[in-house]
Protein chains: 2
Amino acid sequence: MRFENLEKELKNRNINLSYQRLKILEYLAHNQCHPTVDQIFINIQKSITTLSKTTVYNTLKKLVEEGLVRVINIEDNETRYDIVTEDHGHFKCENCKTIFDFNVNLDSFSINGLDNFRILDKNIYFKGICPECAQVNEKN
Amino acid sequence: MRFENLEKELKNRNINLSYQRLKILEYLAHNQCHPTVDQIFINIQKSITTLSKTTVYNTLKKLVEEGLVRVINIEDNETRYDIVTEDHGHFKCENCKTIFDFNVNLDSFSINGLDNFRILDKNIYFKGICPECAQVNEKN
DNA sequence: ATACAAACTTGTAATGATTACAAATTAGGT
DNA sequence: ACCTAATTTGTAATCATTACAAGTTTGTAT
């Protein structure tokens, strides 16, 4: 994902330009913290006071369809969104709930039982305790 | 997961025995198709006509807490449940929606960027088209 | 610049899965 | 057989997401 020209990026993907769409994409590019719909909505509402949550949902749906954004489903009650960069895994700390990225070559491991399957999308995520939370726990 | 004695399996995990719990666990053991709450509910209701969906939710929550059952979150609008056997990956066909298991050694790939993270749970899933659906498409 | 059709945004209402809660029932130990 | 604690049940509440229709904006052709 190149950030220099998000407008062009949208046009390339047949997504018409609108102020809201650009701001949402900008937010995702500048805040790569895997935000929820609410986080996106609340933050952009500060600059676009008339923003509707429906617009956030609609735009995210479009961005996902066009491959600019990726959905992260780790917990069943919260959907998060990630601007697509390259293949990477996600680690969610069960204590502070932060989601960290990690590098992984998704083609490196040998799998067994998927002959003749057409694989279009690979996802990997871990759960556990992040270093900071682990350190705090030790002190207790 | 040994299926010979599900009652004992429950007792070992400090889960009190109840008819409903046993039937739900039995269902998961005999139908390893990654069912949704609704599928579980509708099927067991046939034999326990007074069954409440709340019981299904409560029981699944308990079974997950005690590590007998695993949650599968692939799509954000459907939670599925899987009786824990060994580490394995899931493949979801985007056409027929079936979820297939595949073997993968979750310790085999090299990851980068998780030093000092305590990893408690590893998940991997792919999406794409299964062989059957791929074949049907070719004919069109 | 202007006009028009198509696309986008907005707000409200509807949907659907999950959880909260309190009363009734059941299980396990004495 | 009794008693307490745990479980089940049904209804109501909650929360995220989607549907929909009206109003607004955008892109294009003139």
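Numbers restart at 1 for each chain; the letters A, B, ... are given by sequence-line order, proteins then strands.
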Would you call B:K97 and B:E78 a salt bridge, using N to O less than 4.0 angstrom? no
Value in whole Å for how far the [atom2] atom of [N] lies from [atom1] of [X]:
| X | N | atom1 | atom2 | value |
| --- | --- | --- | --- | --- |
| B:Q45 | D:dT9 | CD | P | 10 Å |
| A:L25 | C:dC8 | CG | P | 15 Å |
| A:E75 | D:dA16 | CD | C1' | 15 Å |
| B:D76 | C:dA17 | CG | P | 13 Å |
| A:N73 | D:dT17 | CG | C1' | 13 Å |
| B:K61 | D:dT7 | NZ | P | 13 Å |
| B:F41 | D:dT9 | CZ | P | 9 Å |
| B:K23 | D:dT8 | NZ | P | 14 Å |

Report which part of the nucleic acid A:N58 touches: base, sugar-phosphate, or nothing (heavy-atom distance under 4.0 Å, all strands). base
Given A:R70, which of A:D121, A:D82, A:D101 fulfils the salt bridge (charged side-chain N to carboxylate O under 4.0 Å, His left out) condition? A:D121
ILVMFWY cluster, A:V84 and A:Y125 together (side-chain gap under 4.5 Å): no
Looking at A:E132, is its backbone amide N or carbonyl O close enough to the side chain of A:Q135 to form a donor-acceptor pair, meaning the two atoms are under 3.5 Å apart? no
Using a cut-off of less than 4.0 Å, is there contact between a side-chain N or O of A:Q20 and OP1 or OP2 of C:dT10? yes
Indicate whether OP1 or OP2 belonging to C:dT9 is found under 4.0 Å from a side-chain N or O atom of A:R21. yes
Candidates A:R21, A:Q20, A:E26 - the one meeting side chain to side chain contact (heavy atoms under 4.5 Å, CB included) with A:K23: A:E26
What one-letter contact string describes nucleotides 23-30 of chain C from 5' to 3', where B marks a base within less than 4.0 Å of any protein heavy atom, S marks contact via sugar-phosphate atoms alone, and - marks no contact? ----SS--
Do the ring centers of A:F126 and B:F117 come within less than 6.0 Å of each other? no
Chi angles and distances behind the side chain to side chain contact (heavy atoms under 4.5 Å, CB included) call for A:I24, A:V56: CA-CA 7 Å; A:I24 291 171; A:V56 180; 4.3 Å; yes
Nucleic acid contacts of residues 47-57 of chain A, taken as heavy-atom distances under 4.0 Å to DNA chain D: A:T54, A:Y57
Looking just at side-chain N and O atoms, do B:N73 and B:R80 make a donor-acceptor pair shorter than 3.5 Å? no
Side-chain atoms of residues 57-69 of chain A: list all donor-acceptor pairs with protein atoms under 3.5 Å, sequence neighbours left out, distances to 0.1 Å.
| unit_1 | atom_1 | unit_2 | atom_2 | d |
| --- | --- | --- | --- | --- |
| A:N58 | ND2 | A:T54 | O | 3.4 |
| A:T59 | OG1 | A:T55 | O | 2.8 |

